[in-house]
Amino acid sequence: MQSQLKIFNTLTGKKEDFKPINPPKVLMYACGPTVYDLSHLGHARMALTFDVIQRYLRFAGYDVTFVRNITDVDDKIINKAKELNVRPEEIALKYTDTFHKDMHDLNAALPDVEPRATEYIEKMLAFTQSLIDAGHAYEAGGDVYFDVLSFKTYGKLKKQSLDEMIQGAREQVRSQSELKELKKNHFDFALWKSVDQKEPGWQSPWGWGRPGWHLECSTMIKNVLGETIDIHGGGEDLVFPHHENEIAQSEALHKKTLANYWIHNSFVQVEAEKMSKSLGNFRTIQSILESYSADTIRFFVLQTHYRSPIEFTEKSMESAKAGISRLIRAAQFAPEANGKTTDNIDIAPVEKLDQEFRKAMDNDFNTPQAVSALFGFADTIFVTTDPNTAKKYTEELRRYASVLGFTLEDNRRSLDPATTAKLKEIVQSLTETAADTDDASQLMEMLLSAREQARADKDYKRSDMIRDRLLEVGIKVMDVKGGKATWECS
RNA sequence: GGCGGCAUAGCCAAGUGGUAAGGCAGAGGUCUGCAAAACCUUUAUCCCCCAGUUCGAAUCUGGGUGCCGCCUCCA
């Protein structure tokens with residue numbers, strides 16, 4: 001189904017109709033992590049933003065090739081390795097693994113291709129040589145710099161001309177530029193940096209050295225996807241200089257547009273400041289996952305449009321948790337069969353959901369509105385009395401929710417060992433016989449039937465006690481009219 | 001200093017010219033042994049301030065105020 005998708009393009013500063021170069025194919029690239037430390041919520045937001053974009057494009061019928069790189073050569077990695085007295089590769093490998101775990105735990109799909117910078121050194125050298133040959137780069141003392149004056153549209157993504165940038169640069173920048181005598185222009189940037197022979201590096205026509213950061217993306221895009229792609233994105237802070245420099249390198253060499261649509265997500269803030277490594281105000285993905293599910297984190301992130309900043313607070317996280325719980329309950333909803341069922345399912349509510357959902361997502365991936373559509377559909381589910389209809393609706397809810405990456409999985413089977421042990425204690429303290437199982441669902445079964453018996457005996461003191469003890473360990477018991485009580489982790 | 005962005009109820013957050021989505025929290029009610037969940041009702045005469053354009057603006061224009069980001073590694 002062809003969509004009317006509109007995307008806000010950083011390059012033009014406007015929402016534009018999305019027209020892929022070669023529909024239904026979509027070539028998409030997002031800048032991945034530099035693997036030198038654990039990822040934090042800010043990285044998670046970027047990953048989730050592009051995960052959802054990619055999911056929606058596929059849902060809308062596009063044939064997406066999604067590429068996300070791993071920057072595994074960088075000063076930060078090398079410095080950390082020196083600090084810990086290990087080889088840089090170990091650091092890179094370790095944090096590549098933790099990043100993959102983070103993505104897995106957040107239910108973020110793997111990219112179709114995940115190139116690593118170190119696999120493309122040869123190609124980067126060739127790229128650099130071509131730029132020198134074309135007169136866009138020059139060698140100086142073993143370094144190679146891109147000559148920004150040779151690329152007349154430099155600054156088009158940032159929307160500021162080179163002259164304006166030079167004039168507007170703050171004091172600090174000007175004084176720094178005086179130190180860099182090797183460069184012709186302060187805004188010239190390194191394609192290749194010479195380093196001491198003892199340092200990690202590669203041999204190049206200009207001596208021992210390492211590639212500049214911006215070069216890897218240009219090179220990998222060219223070699224994995226081609227000279228012009230449909231979508232390129234990343235965090236807002238990559239607009240300048242990273243993406244601007246990628247454009248300069250690639251477009252100077254190929255004389256072609258690098259990417260038609262540039263998408264940038266806004267930040268996660270803490271107390272009105274950007275969450276970042278350097279400010280030290282970050283929360284790692286794994287630490288947040290200790291308290292909140294992937295669905296809750298996604299809900300927290302996706303209830304704000306990707307181009308607006310999000311303030312991280314415990315209150316917002318709790319609010320998100322309560323919100324996603326309602327959707328999970330809706331996805332689990334199953335009314336008791338009341339004798340008669342129908343195969344004549346009214347699909348009008350599903351059509352309404354589809355329409356609202358697509359309309360929201362087609363409008364520059366408006367996930368807050370898409371989530372709202374999910375809630376509207378949940379309302380319908382809760383008032384459904386026919387089991388067949390409810391089954392169909394809950395399947396549809398899960399299907400649309402999955403486009404946003406929500407699993408809506410029932411979390412009641414995910415009791416951790418500590419809680420299970422506590423359940424066992426409760427069983428033993430309530431019954432004379434010792435519980436001879438460590439199976440959480442069996443233990444729950446025992447407790448719920450004990451409570452059911454108490455209620456049948458009108459021993460409400462005992463039944464309430466069981467309910468209270470369960471609540472203490474984080475389990476909420478809910479009676480179902482005419483049926484067995486249900487429960488969930490709070 | 002240059003450039004860019006944001007300001008909507010107690011909190012979070014859509015809406016970008018036609019009279020304020022949704023979530024959380026709160027209040028009242030139904031259901032329940034009591035709860036919880038679910039359901040019903042309810043919660044911004046108004047969208048930072050001041051001018052202006054318009055039949056009509058939270059939405060457009062101009063001017064303020066406050067906050068944030070980039071210009072150095074950064075998602």
Side-chain angles (χ1 to χ4, degrees), chain A residues 10 13 15 30-34 36 39-50 74-76 79 155 158-161 163-174 176 186-187 213 233-242 244 264-269 272-279 282 299-300 303-305 307-311 313 315-327 329-330 333 335 356 360 363 366-376 378-379 381-383 455 458-461 463-464 467-468 471 476-481 485-488 490:
Chain A
T10 309
K15 261 186 220 174
C31 290
T34 299
Y36 74 105
S39 298
H40 60 64
L41 224 210
H43 301 108
R45 182 179 195 191
M46 186 248 166
L48 293 179
T49 299
F50 288 93
D74 181 272
D75 287 357
K76 290 193 289 289
N79 291 338
K158 181 178 163 63
K159 295 191 209 62
Q160 203 177 4
S161 73
D163 284 346
E164 287 170 332
M165 280 188 229
I166 292 165
Q167 279 169 13
R170 42 176 198 195
E171 291 297 317
Q172 190 192 345
V173 174
R174 287 186 205 167
Q176 274 181 354
H186 167 260
F187 286 98
W213 175 40
E236 206 176 16
D237 51 356
L238 297 184
V239 172
F240 190 89
H242 186 54
E244 189 73 55
H264 293 96
N265 64 278
S266 187
F267 302 120
V268 175
Q269 303 183 335
E273 262 188 334
K274 176 180 166 184
M275 178 180 282
S276 71
K277 287 273 164 57
S278 44
L279 289 169
F282 58 91
F299 188 95
F300 169 73
Q303 70 174 341
T304 302
H305 185 84
R307 282 190 287 112
S308 299
I310 303 180
E311 177 79 17
T313 62
K315 193 175 175 184
S316 292
M317 289 304 297
E318 287 300 325
S319 170
K321 186 174 166 182
I324 194 70
S325 294
R326 182 172 161 85
L327 291 181
R329 272 182 224 114
F333 185 74
E356 289 179 359
N363 183 17
N366 194 325
T367 54
Q369 267 186 353
V371 169
S372 173
L374 257 27
F375 274 101
D379 289 345
I381 290 177
F382 282 127
V383 295
R455 292 186 71 209
K458 297 211 192 298
D459 183 357
Y460 294 122
K461 205 176 162 192
S463 71
D464 286 353
R467 189 171 63 194
D468 291 344
L471 197 60
K476 194 153 74 183
V477 176
M478 294 170 291
D479 287 329
V480 175
K481 198 161 148 188
T486 181
W487 59 279
E488 64 185 39
S490 61

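Reckoned from all heavy atoms, side chains included, excluding hydrogens, waters and symmetry mates. In what follows, every chain begins at residue 1, and chains take the letters A, B, ... in the order their sequences are listed.
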Quick check for you: among [options], whose closest atom lies nearest to any side-chain atom of [X]?
X      : options                : result
A:H40  : B:rA25, B:rC71, B:rA75 : B:rA75
A:T34  : B:rG23, B:rA75, B:rC68 : B:rA75
A:S278 : B:rC70, B:rC73, B:rC24 : B:rC73
A:A272 : B:rA75, B:rC68, B:rG23 : B:rC68

Is there side-chain contact between [X] and [Y], with at least one heavy-atom pair below 4.5 Å?
X      : Y      : answer
A:L41  : A:F282 : no
A:R326 : A:D379 : yes
A:M275 : A:R45  : no
A:Y36  : A:N79  : no
A:S266 : A:S308 : no
A:R467 : A:L471 : no

Please state how far atom [atom1] in [X] lies from atom [atom2] in [N], giving the value in whole angstrom units.
X      : N      : atom1 : atom2 : answer
A:D74  : B:rA75 : CG    : P     : 10 Å
A:F300 : B:rG22 : CZ    : C1'   : 17 Å
A:K158 : B:rC70 : NZ    : P     : 11 Å
A:F267 : B:rC68 : CZ    : C1'   : 10 Å
A:E273 : B:rC68 : CD    : P     : 7 Å
A:K274 : B:rC73 : NZ    : P     : 11 Å
A:F282 : B:rC73 : CZ    : P     : 19 Å
A:H43  : B:rA75 : NE2   : C1'   : 5 Å

Have a look at [X] and say if it touches a base, only the backbone sugar-phosphate, or nothing, with a 4.0 Å heavy-atom cut-off.
X      : value
A:G42  : base
A:V371 : nothing
A:Q269 : sugar-phosphate

Approximate separation, where rounding is to 0.5 Å, of A:L374 CG and A:T367 OG1: 11.0 Å

Rounded distance [0.5 Å steps], OG1 in A:T486 versus CE in A:M478: 5.0 Å

Sticking with atom [atom1], work out how far [N] lies from [M], rounded to a whole angstrom.
N      : M      : atom1 : answer
B:rU41 : B:rG23 : P     : 13 Å
B:rG66 : B:rU8  : C1'   : 16 Å
B:rA25 : B:rU65 : C1'   : 30 Å
B:rG63 : B:rG56 : C1'   : 23 Å
B:rC3  : B:rU43 : P     : 46 Å
B:rA27 : B:rU19 : P     : 33 Å
B:rG15 : B:rA20 : C1'   : 8 Å
B:rA57 : B:rG69 : C1'   : 28 Å

Along RNA chain B (nearest heavy atom to each residue), the more 5'-positioned of A:K76 and A:F299: A:F299

Atom pairs under 3.5 Å, N or O on each side, protein against nucleotides 42-44 of chain B: can you list them with distances?
none

Under 3.5 Å, is there a donor-acceptor pair between the side chain of [X] and the main chain of [Y]?
X      : Y      : result
A:E244 : A:V239 : no
A:S372 : A:P368 : no
A:N366 : A:Q369 : yes

Test side chain to side chain contact (heavy atoms under 4.5 Å, CB included) applied to A:Q160 and A:F240, step by step: CA-CA 10 Å; A:Q160 203 177 4; A:F240 190 89; over 6 Å; no

Contacts of A:H43 that satisfy side chain to side chain contact (heavy atoms under 4.5 Å, CB included) - sequence neighbours left out: A:S39, A:H40, A:K277

Counterpart residues, side chain to side chain contact (heavy atoms under 4.5 Å, CB included), relative to A:Y460 (two or more places apart): A:K458, A:S463

Closest non-hydrogen atom pair, A:D479 against A:A485: OD1-CB, 3.5 Å

Shortest non-hydrogen contact between A:V371 and A:F299, atoms and distance: CG1-CE1, 3.8 Å

Sequence-aligned protein contact record of nucleotides 30-40 of chain B, with B where the base is within under 4.0 Å of a protein heavy atom and S where only the sugar-phosphate is: ---BBBBSSS-

Where protein sits on nucleotides 8-16 of chain B, one letter per nucleotide: B base, S sugar-phosphate only, - none, heavy atoms under 4.0 Å: ---SSSSS-

Identified stems (criterion: three or more consecutive Watson-Crick or G-U pairs, under 3.5 Å), RNA chain B: B:1-7 with B:65-71, B:10-12 with B:22-24, B:26-30 with B:38-42, B:48-52 with B:60-64

